[in-house]
Amino acid sequence: MLALAACAGSPGGKGVTAEQFYQSAYGKIDELYLDPVDMRRLVVDGLIHAGRVVPDLTVTVPPDQATVILAVGKRTPRTFALSPNDLPQSQDAAPWAHLAASITDWVVAQSTDLASAQQDRETLFRALLEGATADLDPYSRYSVPAAARTERTRREGYVGIGVTLEETPRGFRILAVAPGSPAATAGLQAGDVIVAVGGLPVDTTGGGGPTLTVEAVMNRLSGPEGTGVPVRVARTGGMVTLLISRQRIILPTVMAERTGAVGVLHVSRFNAGTADALAAAVRHLRDTAGTAGPPTGWVLDLRGNTGGLLDQAVAVADLFITSGPILNTVGRHPDSVQHYDATPDDILDGAPLVVLADGQTASSAEIVLGALVDSGRALDVGTTSFGKGVVQTVAPLPNGGELFITWSRILTPAGRMFDHKGLAPAICTAGLTDPAAILAPLRAQPRPIGTPAACPAERNRPAPVDLTVAEDLLANPPLLRRAQLAGQPLLADQPAAGNDP
C-alpha cells in the first residue's frame, strides 16, 4: 500500500500532553510534507471533522472563521479565537498546536470520569489529525497506537516465537506456526492450546477459561531477542512444556514455484525481509532443479502487491539490474531528494524476465516495475498499474501513533511520473482470457501501428491468463524479442518529467 522512506522511533504514550502531541504532529507535517501547508486550514478542518465524529461534541465555525465554538452535550459552549491577532498567519505550527491542545484539554475536562477522559483525549487526537491529513492527499494519514504497532510488525517484523492464536474456552489455540520460526523449531503445532506462558497460567483466576486477551498473551510471548520463554500447551495425549527462544520474526512476502522451465516468483508486498527472501527463493529453485536444470526464464509476479518499504523495492530491483538508475525521488525536504543506482550483479545471470502487474500493483511495486521495464531488463504483462507515484515517510508520535506523510514524488529511470495514471504494460491482457488471442497481434505484426489502445487498471486478475502469456513468451525467444521491441515506443510516447503536472 505504501512506499515508506523512513521508519523510526519507539512507541510512547504515557504522560504525553496534548500540547506535546500536536506540537509533534503539526510540526512534522509542516516540515516534511511535499508542498507548503496552510496550518490554519489543517487545524480548522480537523476541528470540523471532530464535530462530525466525536459523540456529544458540536463544533461551529462562523462564516468569517474568526472563532470556533465548541459545546459538549448540553453544557455551556466555549468560544476559541481564530483571529489573526491571536494566531499569526504564518507557517509556524506552534500557535496552532497550542490552540488544538487548549481545545482538547477543555473538551476532556468535560468528561465525567478518568476512563472517559482518556478515551475522549485519544478520540480527539485521532479526529483532529484525520481531518488535517484528509486535506493533504489520499495517502497521508494518522495511525492510532494499536494500528501503528500492527503496521510496524508488517514492515519491520517483531520479536516473538512465530505463532498465530485464537481464544477458546480452554486457552489460546495455535492456528498457525510460521515455518522456520522458534515455535516450529521447538515443536509447537497448530492445534496446541497454550495454557501457561513463562510459568503463569493464561487463566489468572483459576476459573477454567482464559482471562487474558490475545494481545496480553502475545506480549508475554514477546521479549528481548535471544531470551527464552517456557510455554505450556495442551495437546492430544496430555500436557507439554517447551522452552522457546524468542527471535525476530519477519512475515513472509515471497512465494516461489517452478512451472516447466520457468521460475515464478510471487511477491505479496515489501517488508524488511523481502529482498533477502527473494534472493533465497531464486537460489532454492536453482539448487533443487536436479536433472531438469535451472529455470531458463523467470516471472516476477507483482499483481495485488500494494507496496511497502522503499528501500526494499530498490533492493529487489537491484537484484536484476546491473547498471544505471533505479529510481529518483523529488520533494521539498532536502532528505526527500534521492537517486538510486544499480550495482553490477544480476541474480538471474541475464536470463529473460517477465513482470506481471495489475490495477492493485502500487507504490513500491510500481517502483520495481518501472525500474525493470525502463532499464530494458524485463517485459511487463498484465494491466495498467494502480498509479501511486508518491512516497510517504513515517513519523512516530509521542503517544505511540504514527503519521504517514507524503514527502516526495517518484520518477522512473526514464523520467516517467505515474501518480494517478499508472504504468501501462507492453502486453495488455485487460478484459481478455485467451492467451493465444492476446499474443496473436504480436505474432502477426512485430511492432504496433499507431497509438496503443488504453489498458484499464483491472484488479483481482484471474491468475492463469497473465502467467500463461508470460510462459508462452519465455518459451519463444523470438516472440519475446518482438514483444520487447513492441514495448519500446510506449516509453518514447511518455511526456518528459518536466511537462508532467
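Throughout, numbering of the chain's residues begins at 1 and tracks the sequence. The structure presented is a predicted model; accordingly, all values stated were derived computationally and were not measured. Keep in mind that the numbers below use all heavy atoms, side chains included, and drop hydrogens, waters and symmetry copies.
The heavy-atom pair separating Glu458 from Asp358 by the smallest distance is O-CB, 3.3 Å. Of all heavy-atom pairs spanning Arg377 and Ile321, the tightest one is CB-CG1, 4.3 Å. Nearest heavy-atom pair across Ala362 and Phe386 is CB-CB, 3.6 Å. Contact between Ala178 and Ser181 at its shortest, heavy atoms only, is O-OG, 2.6 Å. Minimum heavy-atom separation, Ser143 to Glu151: OG-OE1, 2.8 Å. Ile410 and Lys388 make their closest contact through CD1-O, 4.3 Å (heavy atoms, listed as atom of the first residue, atom of the second, distance).
The CD1 atom of Ile48 sits 6.5 Å away from atom CD of Gln65, with the distance rounded to the nearest 0.5 Å. With rounding to the nearest 0.5 Å, the separation of CD1 in Ile405 from NZ in Lys28 is 7.5 Å. Taking CG of Leu403 as the start and OG of Ser24 as the end, the distance is 7.5 Å to the nearest 0.5 Å. Atoms CG and CG, on Asp380 and Asp466 in that order, are 11.0 Å from each other to the nearest 0.5 Å. For the atom pair CG (Asp341) and CD1 (Ile326), the distance works out to 7.5 Å, reported to the nearest 0.5 Å. In this structure, the separation between OG on Ser140 and CG on Leu34 is 8.5 Å, given to the nearest 0.5 Å.
Between the side chains of Asn219 and Ser222, no donor-acceptor pair is found at a separation under 3.5 Å. With hydrogens and angles left out, the side-chain atoms of Ser408 and Gln338 include no donor and acceptor closer than 3.5 Å. Using modelled atom types, one finds a donor on one side chain and an acceptor on the other under 3.5 Å when comparing Thr104 with Tyr22. A donor-acceptor contact under 3.5 angstrom links the side chains of Arg246 and Thr227, judged on distance only. In this model, a donor atom of one side chain and an acceptor atom of the other lie less than 3.5 Å apart for Thr343 and Asp318. Looking at Gln312 and Thr274, their side chains never bring a donor and an acceptor atom within 3.5 Å of each other.
A donor-acceptor contact shorter than 3.5 Å links the side chain of Arg220 to the backbone of Leu200. In this structure a side-chain-to-backbone donor-acceptor pair under 3.5 Å is present from Asp374 to Ala414. Here the side chain of Asp135 pairs no donor or acceptor atom with the backbone of Asp45 at under 3.5 angstrom. Without hydrogens or angle criteria, Gln360 side chain to Asn460 main chain gives a donor-acceptor distance under 3.5 Å. Distance alone, capped at 3.5 Å, is enough to place a donor-acceptor pair between the Arg75 side chain and the Gln110 backbone. Of the possible polar contacts, none joining the Glu366 side chain to the Gly422 backbone as a donor-acceptor pair under 3.5 Å is found. In this structure, Thr412 contributes its side chain and Arg416 its backbone to a donor-acceptor pair below 3.5 Å.
Side-chain atoms of Asp301 and Leu467, non-hydrogen and from C-beta on, never get closer than 4.5 Å to each other. Residues Val316 and Val267 form no side-chain contact, since every pair of their non-hydrogen atoms from C-beta on lies 4.5 Å or further apart. Two residues are said to be in side-chain contact when any heavy atoms from C-beta on lie closer than 4.5 Å; Tyr26 and Asp92 fail this criterion. The shortest side-chain heavy-atom distance between Leu369 and Phe418 does not fall under the 4.5 Å cut-off. Using a 4.5 Å heavy-atom cutoff, the side chains of Arg155 and Arg152 are in contact. Tyr139 has its side chain out of reach of Val391: every pair of non-hydrogen atoms, C-beta onward, lies at least 4.5 Å apart. Within the 4.5 Å cutoff, side-chain heavy atoms of Thr383 are placed close to those of Cys455. The side-chain heavy atoms of Trp106 and Val72, taken from C-beta on, include a pair separated by under 4.5 Å.
By the neighbour-count criterion of 12 heavy atoms within 6.0 Å, atom CZ of Arg126 is sparsely surrounded, having that number or fewer from other residues, nucleotides or ligands. The 12-atom threshold is exceeded at NE2 of His333, counting heavy atoms of other residues, nucleotides or ligands nearer than 6.0 Å.
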Criterion side-chain contact (heavy atoms from CB on, under 4.5 Å) on Val354 and Leu356, from CA distance to verdict: CA-CA 7 Å; Val354 174; Leu356 306 184; 4.2 Å; yes
- request: Apply side-chain contact (heavy atoms from CB on, under 4.5 Å) to Leu136 and Ile29, showing your working.
  value: CA-CA 9 Å; Leu136 299 176; Ile29 292 174; 4.1 Å; yes
Stepwise side-chain contact (heavy atoms from CB on, under 4.5 Å) check, Asn328 with His339: CA-CA 5 Å; Asn328 290 293; His339 175 80; 2.3 Å; yes
- request: For side-chain contact (heavy atoms from CB on, under 4.5 Å), just list the numbers for Asp335 and Trp407, CA-CA rounded to whole Å, side-chain angles, deciding distance to a tenth of an Å, and then say yes or no.
  value: CA-CA 9 Å; Asp335 291 343; Trp407 81 329; 3.8 Å; yes
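In summary, of the residues considered (Thr67, Val43, Val68), a side-chain contact (heavy atoms from CB on, under 4.5 Å) with Leu82 occurs for Val68 alone. For the side-chain contact (heavy atoms from CB on, under 4.5 Å) with Thr123, the qualifying choice from Val54, Val144, Leu128, Val108 is Val54, the only one to do so. Of the residues listed (Asp105, Val53, Val107), the one engaging Leu124 in a side-chain contact (heavy atoms from CB on, under 4.5 Å) is Val107, and it is the only one.
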